[in-house]
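Below you'll find the structure, written out as structure tokens, and then a few comments.
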Amino acid sequence: MHPTAYPITRRTDAVDILHGQRIDDPYRWLEGDARSDAEVAAWIAAQNVVTNACLAELPGRAVFRARLEALQNHEKFTIPREQGGRYFYTRNPGLENQATLLVRDSVDGPDRVLIDPNTWSDHGTRALAEWAPSKDGALLAYAVQEDGADWRTIKVIEVATGKILDDALAWARFTTIAWASDGAGFFYTRYPEATAGDAALANHAVYFHALNTPQSNDRLLYATPERPELLHFVEVTDSGRYAVITSTPGTQTNNLVVIDLHDERWQPRTVVKGFDAEWSPVGDAGSTLYLLTSGRAERRRIATLDLADPGAAPRDLIAEDSAVLGDARLVGGRLIGTYLVDVKTQLRRFTLDGRPDGVVALPGIGSAGGFQGHQADNEAFFVFTSFNAPTTIYRYDVAANTASVWAAPTVDADLDNIVVEQRFYAARDGARVPLFLVRRSDIAGPAPTLLHGYGGFGISMISYYEPNLLAWIEHGGIVAIANIRGGGEYGKAWHEAARLDRKQTSYDDFIAAAEYLHAQGIVTRDGLAVHGESGGGLLVGAVVNQRPELFAAALPGVGVMDMLRFHRFTGGRLWMGEFGDPDDAAQFRTLLSYSPYHNVAAGKPYPAILVTTADTDDRVVPAHSFKYVAALQNIDAGPRPHLVRIETQAGHGAGKPTAKAIAEMADKWAFAAVWAGLRVE
């Protein structure tokens, strides 16, 4: 399926001199926006013609697509949020392009459709994003997402009647929605009106919107013009007394600002200064604010802060443990901590004074958490999932410490035949790295293997139910998920070990995982495909440049591929705390050493590569993928194809219609199967 010829990509003489070094950038013109740049639009069309012709030849394409549709055709729920005796949650019955927001007037009452975004557009490209009901459950504010963009428009609906109010708030991005307890309005965050769609983002700020007033009257509550790169997130505590604002430069660190909403001045007060650690509110009781923090605790601990005392400092409540504390919530007079022990969840209970109070029993080994509930109520909800257990919502009786199924899907898969195994392998420097292997129970010998990873921003690759992976496994393949450094599987130290000038550690860990799969006879010879998206797309691009002979196929999705210019687009400056600043000489050299675009080189046996991106991705702009593919197609990179699949009217992934997501995944799996030797019938 090698194309007879790639489209010709014009090269220019664009050059930068950075820190005394010449950097050629011949494909810079591909940074243009296809919506206004005819040459870029023509290039996209030409690439898609070649790619679509090649994908049409794949023998397993139709098989994967049909199976993915069957595997995805089951109910998908989110954890319900109770307010005012009403229960709000989203449900997709199977293959709808977008999930529908439902409401119940009692916990076991009938469902009523409140918002159905499938009616908003013909192709499912408008999506429901963030949403929040008022404390009395009478109103719900919700955000509308267009074509997968990060920009939002916030609207308000009456829950009883379904009437949409006139309120419409623009310029929201990276926002939370938090209602005042009296339902008179809500807090949210947005950028200035003048922010251009693809410009670098600056001056995020917290506003309060009073219902039935124009957005121009919204009250600016908190901004940091001296630190225009900061992101701000706001929530109102369960009691309704305090608005809590966390501000971050895009890393897992933040300061903390509190507004006493009982004081009519609504004066912001900084209670935790600096950006040395994470400080996340988990609940309040009286004047006590409970906080999850990595301050003096690489695996996190729980602290309290007396907001009635202006001079109070956080005090220890629950000490750091050998396990990693990922989340915590106050529900029913108890504090529930979600811990990771070798990437497997434990739910631990504590009294409000910090004493251990047992555990929450789980139905198996997997991932759980996401508690929704109130401090004063006995009822709460949480989710459980695993590689071989579909995502299920549990209703939890806090006093009795018992859980019962509230919503569970019926899936078209023989999950009893799916085996999950955890192994540990040695990294280049000797570190012990976890690796999940998922396969059919009858697959004992070497098999074509799909290796997946991320390794950034402290994000942990936990076990979860993913029908897309089952489609590969059911055909006799193996899925391997490497918990490499840069993630948060073992806390802050695991993340810090592969951040900034240590970023190469992520790539070394991932390469070591590939070597382990080969050395242990898990993967067939020339049968390893590698997959990752966003930061994982960067991971794939980097390791393929460094060790191409390890891989038969590579699937980098929406990846950050130009590490010298990422900070010039949309939210890219927010990633400098993770990757570094290209304008700093020392950090520039590190970034250049692994930047996928800049390290493409002829004479290497590159695997077959299918890059995936979308024309309106405003998180990782598609120019990253465009320039990387153009560089690959311009050199002698071996006989295997190097293609790009460019989705239209789609963004970074969130809000993508189900039909488009299935079609893309079928193409990726079919492409990888051909080159990794997975037989699809």
Side-chain angles (χ1 to χ4, degrees), residues 71-72 74-83 87-94 98-104 107-108 111 128-133 176 235 238 280 282-283 292 323-332 334-341 343-349 359-374 377-398 400-411 413 415 418 420 436 438 459-470 481 488-489 654:
L71 287 166
Q72 289 283 5
H74 64 81
E75 289 184 300
K76 306 170 188 72
F77 313 91
T78 56
I79 303 170
R81 307 181 203 175
E82 185 275 328
Q83 293 288 11
Y87 295 78
F88 302 84
Y89 70 104
T90 66
R91 172 183 176 270
N92 190 321
Q98 304 293 341
T100 299
L101 180 62
L102 305 176
V103 59
R104 293 182 181 182
V107 67
D108 293 319
D111 292 329
L128 174 67
E130 297 79 12
W131 54 271
T176 49
E235 59 184 276
D238 196 35
S280 300
V282 300
L292 179 150
V324 178
L325 176 60
D327 191 19
R329 284 293 179 268
L330 261 65
V331 291
R334 292 292 186 273
L335 183 62
I336 310 292
T338 303
Y339 286 84
L340 275 187
V341 180
V343 208
K344 299 178 286 291
T345 296
Q346 286 184 359
L347 298 179
R348 302 178 184 176
R349 291 167 47 109
V359 299
V360 179
L362 295 176
I365 294 174
S367 303
F371 276 84
Q372 292 285 343
H374 302 291
D377 295 342
N378 185 51
E379 175 188 71
F381 296 86
F382 69 91
V383 66
F384 177 82
T385 183
S386 189
F387 293 121
N388 56 0
T391 302
T392 300
I393 309 299
Y394 285 83
R395 185 184 181 203
Y396 180 55
D397 183 316
V398 182
N401 191 18
T402 57
S404 58
V405 173
W406 188 76
T410 300
V411 300
L415 299 181
I418 304 300
V420 181
F436 285 111
V438 191
I459 295 172
S460 300
M461 300 297 291
I462 59 176
S463 57
Y464 63 101
Y465 185 69
E466 178 50 87
N468 292 333
L469 299 181
L470 288 176
I481 298 178
E489 287 85 349

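Expressed to the nearest 0.5 Å, how far CD1 of Ile481 lies from OH of Tyr464 amounts to 5.0 Å. The CD atom of Glu75 sits 7.5 Å away from the OG1 atom of Thr410 when rounded to the nearest 0.5 Å. We find the CG-OH distance between Asp327 and Tyr339 to be 11.0 Å, quoted to the nearest 0.5 Å. Rounding to the nearest 0.5 angstrom, the gap separating the OG atom in Ser386 from the CG atom in Leu415 is 10.0 Å.
In this structure, Thr392 contributes its side chain and Pro390 its backbone to a donor-acceptor pair below 3.5 Å. No donor-acceptor distance shorter than 3.5 angstrom exists from the side chain of Lys76 to the backbone of Pro93, with no hydrogens or angles considered. With hydrogens and angles disregarded, no donor-acceptor distance shorter than 3.5 Å links the side chain of Thr385 to the backbone of Ser367. A donor-acceptor pair under 3.5 Å links the side-chain atoms of Thr78 to the main chain of Thr90, judged by distance alone. Within the 3.5 Å criterion, the main-chain N or O of Val331 finds no donor-acceptor partner in the side chain of Asp377.
Looking only at side-chain heavy atoms (C-beta outward), Glu82 and Gln372 stay at 4.5 Å or farther from each other. Residues Tyr89 and Ile79 fail the side-chain proximity criterion, which asks for heavy atoms closer than 4.5 Å. Here the side chains of Pro467 and His74 are in contact, with some heavy-atom distance below 4.5 Å. Annotation: side chain of Asp238 is not in contact with side chain of Leu330 (no heavy-atom distance under 4.5 Å). Counting heavy atoms from C-beta outward, Leu101 and Leu128 have side chains that approach closer than 4.5 Å. Looking only at side-chain heavy atoms (C-beta outward), Phe382 and Ile393 stay at 4.5 Å or farther from each other. At least one side-chain heavy atom of Val107 sits under 4.5 Å from a side-chain heavy atom of Phe381. Between Ser463 and Val420, every side-chain heavy-atom pair lies at or beyond the 4.5 Å cut-off.
A distance of 6.0 Å or more separates the ring centres of Trp406 and Tyr87.
Nearest heavy-atom pair across Ala368 and Leu362 is CB-CD2, 3.7 Å. Counting all heavy atoms, side chain and backbone alike, Pro409 lies closest to Phe77 at N-CE1, 4.0 Å. Among all heavy-atom pairs drawn from Val324 and Gly488, the shortest one is CG1-O, 3.9 Å. Leu340 and Ser460 make their closest contact through CD1-OG, 4.0 Å (heavy atoms, listed as atom of the first residue, atom of the second, distance). Heavy atoms only, all atoms of each residue included: Pro363 and Tyr394 are closest at CG-OH, 3.4 Å. Contact record, Glu489 with Met461: OE2-N, 2.9 Å, taken as the closest heavy-atom pair.
For the pair Arg329 and Phe371, the cation does not sit on the ring face, since its NZ or CZ is not both under 6.0 Å from the ring centre and inside 45° of the axis.
Residue Leu470 is tested with Val411, Leu71, Asn388 for a side chain to side chain contact (heavy atoms under 4.5 Å, CB included); the sole match is Leu71. The only option from Leu347, Val343, Val341 that meets the side chain to side chain contact (heavy atoms under 4.5 Å, CB included) definition with Thr345 turns out to be Leu347.
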Pair Val360-Arg349, side-chain contact (heavy atoms from CB on, under 4.5 Å): steps then yes or no: CA-CA 7 Å; Val360 179; Arg349 291 167 47 109; 4.0 Å; yes
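A salt bridge (Lys or Arg N to Asp or Glu O under 4.0 Å) check over residues 387-397, counting only residues at least two apart or in different chains, returns the pairs Glu379-Arg395.
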